[in-house]
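Worksheet: the structure to be examined is printed underneath.
All chains are named by letter (A, B, ...) in the order of the sequence lines, taking the proteins before the strands, and each is independently numbered beginning at 1. Source: prediction; values computed, not measured.
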Amino acid sequence: MKIDHSLPLEYSTEENRLKIFGFWIFLGAEIMLFATLFASYFTLYNRTGSGPNGAEIFHITPVLLETILLLTSSFTIGLGVHAMRLGRQKAMMGFFVVTLLLGLAFLGVEIFEFVTYVHEGAGLQTSAFTSILLTTLGTHGAHVTVGLFWGLYILIQVKRDGLTPETGNKSFIFSLYWHFLDVVWIFIFSFIYLKGMM
Amino acid sequence: MKLKMALFAIMMSIVTVLTGCEQLTVLDPKGPQAERLASDIMLTMLMMAGIVIVVFVMLVIMLVKYRASKQPADYEPPHIEGNPWVEGILVGIPVLIVAFLSIVSVQSNYIVESAPQGYEDKEPLVVYASSSNWKWHFSYPEEDIETVNYLYIPTDRPLEFRLYSHGPITSFWIPQLGGQKYAMNAHVTKLHLAADVEGEYMGRNANFSGEGFAENQFDVTAMSQKEFDEWVEEVKETAEPINEAKFEELLEPGHLGRMTFTGTHLEFSPAPEHHHEGDKYEEEHNHSDEHHSASRKESSDRKHMNYNE
Amino acid sequence: MEFFERFAIPHPSIAIYASMVAAGLTMIAVIAGLTYFKKWGYLWREWITTVDHKRIGIMYLISALLMLFRGGVDAIMMRAQLAVPENKLLDAQHYNEIFTTHGVVMILFMAMPFIIFFMNFVVPLQIGARDVAFPRLNALSFWLFFMGAMLFNISFMVGGSPDAGWTSYFPLADGESVGSHYYMIAIQIAGIGTLMTGINFITTILKMRAPGMTLMKMPMFTWASLITSVIIVFAFPVLTVALAMGTMDLLFGTQFFTLDNGGMAMLWANLFWVWGHPEVYILILPAFGIYSEIISTFSRRNLYGYKSMVGSMVLISLLSFVVWAHHFFTMGQGAFANSIFSITTMAIAVPTGVKIFNWLLTLWKGKIEFTTPMLYSTLFIPLFTLGGVTGVMLAMSAADYQYHNTMFLVAHFHNVIIPGVVFAMLAGLTFYWPKMFGFMLNEKIGKWTAWLLSIGFLLAFMPMYVTGLDGQARRMYTYSESTGFGPLNMVSFIGAAIMAVGFVLIVYNIYYSVRYASRDISADPWDARTLEWATHTPVPEYNFAITPEVASSEALWDVKKKDHVLFKGDYEKIHMPNNSGVPFIMSCIFFAWGFSLVFSLWIPAIITTIGIFVCMTLRSFEKDHGHYISVKEIEDTESELRGA
């Protein structure tokens, strides 16, 4: 395999460049996926049937907590990739561990939030509104969950193999994915929670 | 080449047959809305026939003139990139055609969505047409009567149909009076028609709605206002009143013949006219809510039975 | 016993039992044959685990042809049922199941794999690449598609077929039988595969072209594939979400498309067609690409108006996303909304017209040779034009109130799909057959087939325009004699039967050509113009021993006429990906997962979900750097192929 040392580690082989490009296209598909969920949400959000509406169930505290956790994790993974480019494996792994822990905490709060909703009578089957709300949030949450496992696997591989073009490439792609989830969350925060609470 | 010519002749004869077929239901309108649509259809069909002929003629010329067998063996076809003028014309002419048709289309849209032309100042007859598996229920709120699977209408008077469905999406269609429109569960759609001529017309659900769809038809009879009034009187004297229990029975999946009632089901099971947004229903809609959950339960019971058979 | 009763067919008939027996016997025969001839190892090594784009392409082709006959049998049964009034051949339920499966099978499991076959086989060769960007993902795409198709196809034998139409509108698709579950889950599995194909080909085309091949020097089929892939990536996620929502409504009691608690049935219709309309352009654009290649090859000149061809495809792809509401003009969305969608829909006629005229002008001053592929293409132009202009008629939203849901509409979309897509597939199949298998299909039988299909097509579908205008609604399993639809429907049936003969002739042609066709053909039997004909037949595993250098969109023609040199330099060792069984195994688990969900078997569903994630985990930890083909091996292969 030809390694081009003039480029950052994650871009250094032809295969790596293809993978990063392909992943961007994949993120394009993911944008369409979430756009469809958002469009459905805006169509259904006042179709509450006999169930509660957004203002009745949304609470600002867990949502703010989730936002802070996820935004911070996006920052720490950025630091992780920076460390990787400097070739500092320990620092990179440290930042990745912090990122995953923040992601785990986010997921914990989100599960708590879902349990609260169900207790307040806003389950998946209550109304069109609660169905699309929980599906949209749940799709994001499922992406975070998958990300946690994926990130963990990459950490194990970096530990096993050190920083190679291959592990560097995987880490970088993972960081793209993680940033993307953060961007989606910002949309969820603004257009679902803030709009719903107003 | 003979085959090709034969093919061409077949296609041309089909076009001629099509344009000559005034007796086809849709092209035999009996009301102003259907008339507008039929004239739109004929107009586009003729314009499109023109385009088809241009393409056919060009194709035949190219194929005849530039066949390899007609060229010298050493003929080298030239390299031609394209020409902005030619391509401009190829874009320009279709744009003009589409622009013209767009204007016609937009005009027709507003015409078919409002009171029929020539009937603007007459008071419309309001009929609620609701579908259930696989029947049509026609409620005449002013006359306070209801029929199943047949529709009597006066001529020379605009008709305002308010459509909705007790089950799957259906489409209310009387081709000789006008186009079709969906009847859906969550809200009422409106269709404006009018009949110029007395007579019997075919009406049906055009949108696939399950096992009994093929037979989901109704008869339409257009008659003079006087005859219509007499019929209403007769119904009031002879028909039985409709009540909630009876109506629930009618909604059971299946086919029914013609039926006639006094009163309408709208009194105890109103049309979903006010929840366009589908948000929290008013008190008065609880009935229909219960009804839906009842039929839902029924279908899940049925599913259960299927598994246990 | 109660557990097994769910797998019973709700509406059994002799035809279904007969096909169960036939399917069982075929399975036994295939297994016995493979065992007897000791071909299991060959099948596993050379096909199931392959990541070679050419072999994956051929597997797509085989699946597509099988599904063509499955859907074709459905079509014949429908036409037979309607041939005479009040026919008792099929009852309403069977008719409903048959037209539903006909639609799904033909669009998703016949036309889609057929175009993906062309993309797989042709695009890497046409751009001078060694394979697609992600060969392993490509194998996964195929196997997911295949398993989704198989899951859908067993529905009529296990549990019951879907019966709510290929559009599966709610609340009609209420899950009374498991048919709707099959629909949602099988299409989901196949759809994920297609989405990955889209991602793969965008990356391949944008990143792996031969040196010198700028975007505006790509052959037209590659352009079509690129645009199609972009549409796939933007449209399929919408389907993914819609199907997921439908599945949750059916399995978990959510309220998206239900009748109460705020559910909105028309949301399904909207989401379905936001995917569904671009989907028809996903099918037709590669078909346009194939016609462009064929018409230019057999007119012996370059494609007229290359730039406007590309521009019109880009425009079509953009417009395809803003016309979806024309599928339900009659839902009462108001004159304004209908006007907007009416105009956008008619606007598509402009770029499509440009393409038709460009093809006509490609014939101009050419030296036209009527080979079978060219015959299909010249039949395509007039027949497709008929379908195109009726499309403009349907786009008149007010007039559509009379066409909607009638046989007029059925005639229209078959009129664009059969001459547009199916003819392109058959033309392309005949065109690329020698490149794939090293011999040509018989020209005489091929031309007979093209004529039979065209005449059969006209007889089958022209009458539908008439009966549609006479008030025959689509999807009716029967009609009364008094309607007067009888004679024209009989003509349709005769046309369908003629088409069936045409399709059987294709099989006969393959059989005949396998036995009698000459194996002594050159690598470029059609005297073609693009790169895929510049390599050997059969194409070696690595496609090109030396990466070609290109100066125009017709690289091979430049070699023939302008003394262009494609292959410069010496052999170097070539890096190739390794075969892998994981895509196949993972797709089998997907099949089991889908089957468990269809029948709400929760424990197997959880186990298979874990199985899928285990496969992904293994993939993450796997170290697979592919292998190298040495210069010695390349030299040997090349000299052998040149000698042959």
Side-chain angles (χ1 to χ4, degrees), chain B residues 3 10 14 24-27 37 40-41 44 48 51-52 55-56 58-59 62-63 66-68 71 75 77-80 82 87 90-91 94-95 98 101-102 105-106 108-110 112-113 168-169 171 175 179-182 185 189 202 206-211 214 278 289 292-293 303 306-307, chain C residues 5-6 10 92-93 165 169 171-172 176 259-260 262 265 300-302 304-305 308 330-332 335 338-339 342-343 346-347 349-350 353-354 357 360 363-369 378 381-382 385-386 389 392-393 396-399 401-402 404-405 451 458 462 469-471 473 475-478:
Chain B
L3 267 170
I10 292 171
I14 285 161
L24 291 179
T25 312
V26 165
L27 301 178
L37 298 181
D40 277 8
I41 291 170
T44 46
M48 293 302 125
I51 293 172
V52 169
V55 171
F56 279 29
M58 275 181 78
L59 179 68
M62 301 295 177
L63 293 184
Y66 298 107
R67 292 177 67 108
Q71 319 274 12
Y75 172 64
H79 182 94
I80 308 167
E87 285 166 71
L90 295 185
V91 176
V95 164
V98 165
L101 288 179
S102 297
S105 177
V106 172
S108 296
N109 279 334
Y110 283 91
V112 295
E113 288 295 338
I169 300 167
S171 193
Q180 62 190 284
K181 194 164 266 184
Y182 283 176
N185 193 273
T189 46
M202 184 272 284
N207 195 54
F208 176 63
S209 62
E211 211 176 332
D289 262 9
H292 295 324
S293 44
K303 188 197 296 190
N306 267 345
Y307 285 158
Chain C
E5 272 159 18
R6 72 182 78 196
Q93 179 62 28
Y169 276 14
L172 186 60
E176 227 176 76
L259 295 183
D260 38 20
R300 306 292 172 216
R301 48 156 298 208
N302 66 317
Y304 187 90
S308 59
T330 57
M331 77 167 272
N338 277 359
S339 299
S342 173
I343 293 168
M346 278 192 268
V350 176
V354 168
F357 287 110
L360 288 172
L363 300 172
W364 178 55
K365 290 194 179 175
K367 195 176 177 184
I368 301 166
E369 238 176 286
T378 44
I381 292 176
T385 305
L386 277 179
V389 295
V392 177
M393 293 173 68
M396 303 277 290
S397 41
Y401 285 22
Q402 293 283 31
H404 188 54
N405 275 326
W451 281 112
L458 283 170
M462 293 302 123
L469 286 177
D470 205 16
R475 294 174 169 177
M476 287 201 302
Y477 85 102
T478 192

Spacing of [atom1] belonging to [X] relative to [atom2] belonging to [Y], to within rounding of 0.5 Å:
X	Y	atom1	atom2	value
C/M393	B/S105	CE	OG	12.5 Å
C/K367	B/Y66	NZ	OH	14.5 Å
C/R475	B/N207	CZ	CG	7.5 Å
C/M396	B/D40	CE	CG	4.5 Å
B/H79	C/R301	NE2	CZ	8.5 Å
C/Q402	B/L24	CD	CG	11.5 Å

Stepwise side chain to side chain contact (heavy atoms under 4.5 Å, CB included) test for C/D470 and B/V26: CA-CA 6 Å; C/D470 205 16; B/V26 165; over 6 Å; no
Is it the side chain or the backbone of [X] that comes within 4.5 Å of chain C heavy atoms, both, or neither?
X	value
B/V95	both
B/E211	both
B/S108	both
B/S171	side chain

Would you check if the side chain of [X] reaches a backbone N or O of [Y] as a donor-acceptor pair within less than 3.5 Å?
X	Y	result
C/Y169	B/F208	no
C/T330	B/K181	no
B/Q71	C/G366	yes
B/Q180	C/H404	yes

Do [X] and [Y] come within less than 4.5 Å of each other through their side chains, counting heavy atoms only?
X	Y	result
C/L469	B/T25	no
B/F56	C/I381	no
B/L59	C/P382	yes

[X] to [Y] - nearest heavy-atom pair and separation:
X	Y	answer
B/I80	C/N302	O-ND2, 2.9 Å
C/A265	B/I169	CB-CD1, 4.5 Å
C/A398	B/N109	N-OD1, 3.3 Å
C/E369	B/A68	CG-CB, 4.3 Å
B/P77	C/R300	CG-O, 3.2 Å

At a heavy-atom separation under 4.5 Å, does C/V392 approach chain B through its side chain, its backbone, both, or neither?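 When you check distances to chain B, only side chain atoms of C/V392 fall under 4.5 Å.
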Toward chain B, the part of C/Y304 with a non-hydrogen atom under 4.5 Å: both
With chain B as the partner, which of [options] has the greatest number of non-hydrogen pairs under 4.5 Å?
options	answer
C/A349, C/G305, C/G353, C/A473	C/G305
C/T478, C/T385, C/L360	C/L360
C/G471, C/A347, C/A399	C/G471
C/A92, C/S339, C/S342	C/S339

Which residue out of B/V91, B/T189, B/I51, B/L101 racks up the most heavy-atom pairs below 4.5 Å with chain C? B/L101
Against C/L363, only a single residue in B/M62, B/M58, B/R67 fulfils side-chain contact (heavy atoms from CB on, under 4.5 Å); can you say which? B/M62
Verify side-chain hydrogen bond (donor to acceptor under 3.5 Å, both in side chains) between C/S308 and B/E87, making sure each step is shown before the conclusion. CA-CA 8 Å; C/S308 59; B/E87 285 166 71; 2.5 Å; yes
